[in-house]
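Each remark here refers to the structure printed beneath this line.
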Amino acid sequence: MEKTQVLVGLASCGIAAGAGKVYDKILDIRQAEKLDFSVKRTGCIGMCYREPLIEVIDATGSYLYGDVDENKALEIVEKHVKSGEPVKEYIVFTDLFKTEDNEFIEGQVKIALRNCGVIDPEDINEYETRGGYKAISGLVEGKVTPEAVIQNVIDSGIRGRGGGGFPTGTKWKFAYNSKSDVKYIICNADEGDPGAFMDRSVLEGDPHSVLEGMTIAAYAIGASDGVIYCRAEYPLAIKRLNIAIEQSKKKGYLGKNIFGKEGFNFDIYVKEGAGAFVCGEETALMASVEGKRGMPRKRPPFPAVSGLWKQPTNINNVETFANIPSIILNGPQSFNCYGTEKSKGTKVFALTGKIKRGGLVEVPMGITIREVIFKLGGGIQNNKKFKAVQMGGPSGGCIPEFLADTIIDYDSVNATGAIMGSGGMVVMDETTCMVDMARFFLDFTQKESCGKCTFCRIGTKRMLEILTRICEGEGKEGDIEMLEELAVHIKNTSLCGLGQTAPNPVITSLKYFRNEFEAHINNKKCPAGTCKKLLTYTVIADKCTGCTVCAKNCSVNAISGERKQPHFINQDACIKCGVCYNKCKFEAISLT
Amino acid sequence: MRVKRILSAEKQSTNQNEVDLSQITSLIQKYKTKKGNIIPLLQGTQNLYGFVPRKAFLKISEEANIPLNDLYGVATFYAQFRLNPVGKHIVKVCHGTACHVQNATAISIALEEALNIKDGETTPDNLFTLESVACLGCCSLAPVMMIGDDTFGKLSGKSAVNIIKEIKMKENN
Ligand SMILES: Cc1cc2nc3c(=O)[nH]c(=O)nc-3n(C[C@H](O)[C@H](O)[C@H](O)COP(=O)(O)O)c2cc1C
Ligand code: FES
């Protein structure tokens, strides 16, 4: 009989939730009691809302336990591993019977995430036992021509997962057709969209799939050097990538004459970003790799013709590369059997915000937004009302509830005014103010603008000022029209995607939630109850114990009252700073 | 656009005296002739001092033969580079979309109050620097903050302040 296996999800999210302690605990017990079972670390299985997660695989099947802490780990080892009796109440998923979390897993098709949460990301052998490096070695051994490889990628229909959605095979063809002795492959791991973590999970959970994808691209276009541009906020991803690169080199999968083929040289190194959103844009990224300010430049020439160090360069996103080995190994139809006519395959989404089951899902294209949020995601936290979902980050927009039946493919999502983007889905409920969200995104793009184009630099600043004013109750007639006018100019006069898409969050919010803007401007009200300056703070007399904390902390002495008597807020003096609300231990301050 | 400024020589002078510039000599030698060396040079310097001191700019410029304005240009472009000294623990509060939706503002307010500093500032005892960042990649645990290499999720204002207090207690022992 196989030994019982215990897997602990040790990606950044798991570690933040305390998985490191659970892992150590299990190792301690095993050592102390000299038990015979194997323990291994693995990546993120996607159920972030249940972290820390451990999986026990024994002769009867596999059992995934959620919300594990050290005590539960002890109990699981005691009962399940030692005595073969699964601890039912902690099980979140198993093949053997239904659980309430079944829907989260069952709706998914895993291609890019095929190994995440299954293998030990720091062990190349585990990747290989799951078919890893078979795709590239098959190409080399079978002497498959680069043209045939590119044709396979074209046939699969895969489009870039970094946000642009450009057909990957076509891009490779451009780079293949550029003649040069030196060509580069770049993996874009800058993952700039704040609120998305698909790439991080792939890099932390299955780094070799990205390396293999890059090596296949190198084989196809004839490149000899690879760079992974990874954001510095992902230290664990960088560490695991470097481990993976070391292991590949030892096995002769990277370096000179790799996979036994004379003249097939390919090396990869990791370049740490220095914190600039615009460096996700491909020309800015290359400037940054060259050690310069990450300013985008005009295209053409496209990177495929003149990229890094002025050599032909092919740049793809992490998720794009992670899909490639599977496409090559299993054939294009294994990928394009999923999806819609123009958007093939699967897409990974990061579900976050006010959603019950926040985490990472990989779904076939063509599924509706509603299915993802309500079936897989389990709906809205605290049974509040679903209001909108933000897709595409700072370049995207908020899709309102009444469009939730939109199917997920590039064209349908674009038609709503949002974009597919890289895969962030931030879910919002009735308590999220759409004006505040628009302000939030403008604040982001305004800071991240590199400053090259005037409208992007100053226009976003002016838009931000107007939005801030509206949120603070100082909105004026004409503000909405001014926002719309600025949006058009910024879109038309910006060089790169950052400026061209920066007004999108405002435009979509105005399209679907114009009444909220008007309520802020005309009635000085925030319907969602988020914008502090538009709220009225009052004391709920029944709950007030007269502890005087609020009065003591009020910086403008707007609160009066006797000790042990209900207090009172003088609305004329109140500056709506919210301190009383935060300080009150008895929830006796109401916001309306 | 981010606007960053280098403190005037007088303002930085007190800290300058503590900086031992010879530490970066080998770094400069290593990268001097490499192409695309500006970012690694600045990153290396910052790793040593926690920030890039004014005098280090001058030394790198001279010894690696890089125009000063190129160095300043790169250092002020990227969020990563600090031009002023920082505290021992850098508290990065996430203000990405997911954290914003889950009220990251409350975390920042609570920390600002507890530490009595504003975003970007350092406590007088040089223990903490407060920073806000965009997304730490743990969005499903929002709101999130990171101190050193440790990430903390599902925070409330109170739990965030408690974490700081714990670190402070350890430091005082
Ligand atoms: C402002 C801006 C930021 C971007 N950020 C990213 C990013 O973080 N990650 C990414 O993969 N692509 C990003 N892109 C898209 C890249 O420019 C490029 O299209 C992509 O890396 C190509 O890979 P793909 O074809 O595999 O998607 C960004 C584009 C713009 C305009
Ligand atoms: S938005 Fe805060 S961790 Fe991603």
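Letters go in sequence order (proteins before strands), and every chain restarts at 1. Hydrogens, waters and symmetry mates play no part in the numbers below; they use all other heavy atoms, side chains included.
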Between [X] and chain B, which part of the residue has a heavy atom less than 4.5 Å away: side chain, backbone, both or neither?
X        : value
A/Cys279 : side chain
A/Ala11  : neither
A/Glu290 : backbone
A/Ser288 : both
A/Val278 : side chain
A/Arg293 : both
A/Glu191 : neither
A/Asp429 : neither

Neighbour count above 12 (heavy atom, 6.0 Å) for [X] [atom1]:
X        : atom1 : value
B/Asn65  : CG    : no
A/Lys533 : NZ    : no
A/Tyr581 : OH    : no
B/Asn172 : CG    : yes
B/Asn116 : CG    : no
B/Lys34  : NZ    : yes
B/Glu171 : CD    : yes

For this session: Taking only Lys NZ, Arg NE, NH1 and NH2, and the carboxylate oxygens of Asp or Glu, determine whether A/Lys583 and B/Glu113 approach each other closer than 4.0 Å.
Result: yes
Kindly say whether [Y] contributes a backbone atom to a donor-acceptor pair with the side chain of [X] at under 3.5 angstrom?
X        : Y        : value
B/Thr97  : A/Pro194 : yes
A/Glu233 : B/Gly137 : no
A/Tyr49  : B/Leu141 : no

For this session: Could you pull out the closest heavy-atom pair between A/Gly273 and B/Gln43, with the gap in Å?
Result: O-NE2, 3.7 Å
For this session: For residues A/Val427 and B/Val101, report the shortest heavy-atom separation together with the two atoms involved.
Result: O-CG1, 4.1 Å
Exercise. With side chains defined as the heavy atoms from C-beta onward, is the minimum distance between B/His100 and A/Asp436 less than 4.5 Å?
Worked result: yes
Side chain, backbone, both or neither of [X] within contact of chain A (heavy atoms, under 4.5 Å):
X        : value
B/Ala134 : both
B/Leu42  : neither
B/Lys154 : side chain

Problem set entry | side chain to side chain contact (heavy atoms under 4.5 Å, CB included) between A/Lys292 and B/Ile39, worked out | CA-CA 7 Å; A/Lys292 299 189 237 162; B/Ile39 293 180; over 6 Å; no
Quick check for you: among [options], which has the greatest number of heavy-atom pairs under 4.5 Å with chain B?
options                      : answer
A/Met198, A/Lys461, A/Arg231 : A/Arg231
A/Gly294, A/Gly393, A/Cys456 : A/Gly294
A/Ser449, A/Ala274, A/Cys450 : A/Ala274
A/Met437, A/Glu272, A/Arg357 : A/Met437
A/Gly291, A/Ala17, A/Ala350  : A/Gly291
A/Ala196, A/Gly359, A/Pro235 : A/Ala196

Problem set entry | Donor + acceptor pair across side chains of A/Asp443, B/His95 (<3.5 Å) | no
For this session: Select, from B/Gln80, B/Lys92, B/Met1, the one with the greatest count of heavy-atom pairs under 4.5 Å involving chain A.
Result: B/Met1
Exercise. In Å, rounded to the nearest 0.5 Å, how long is the span from CE of A/Met47 to OG of B/Ser140?
Worked result: 12.5 Å
For this session: For side chain to side chain contact (heavy atoms under 4.5 Å, CB included), just list the numbers for B/Cys135 and A/Phe197, CA-CA rounded to whole Å, side-chain angles, deciding distance to a tenth of an Å, and then say yes or no.
Result: CA-CA 9 Å; B/Cys135 197; A/Phe197 54 95; 5.8 Å; no
For this session: Test A/Glu448 against B/Arg2 for side chain to side chain contact (heavy atoms under 4.5 Å, CB included), laying out the working first.
Result: CA-CA 7 Å; A/Glu448 296 296 337; B/Arg2 266 184 287 271; 3.0 Å; yes
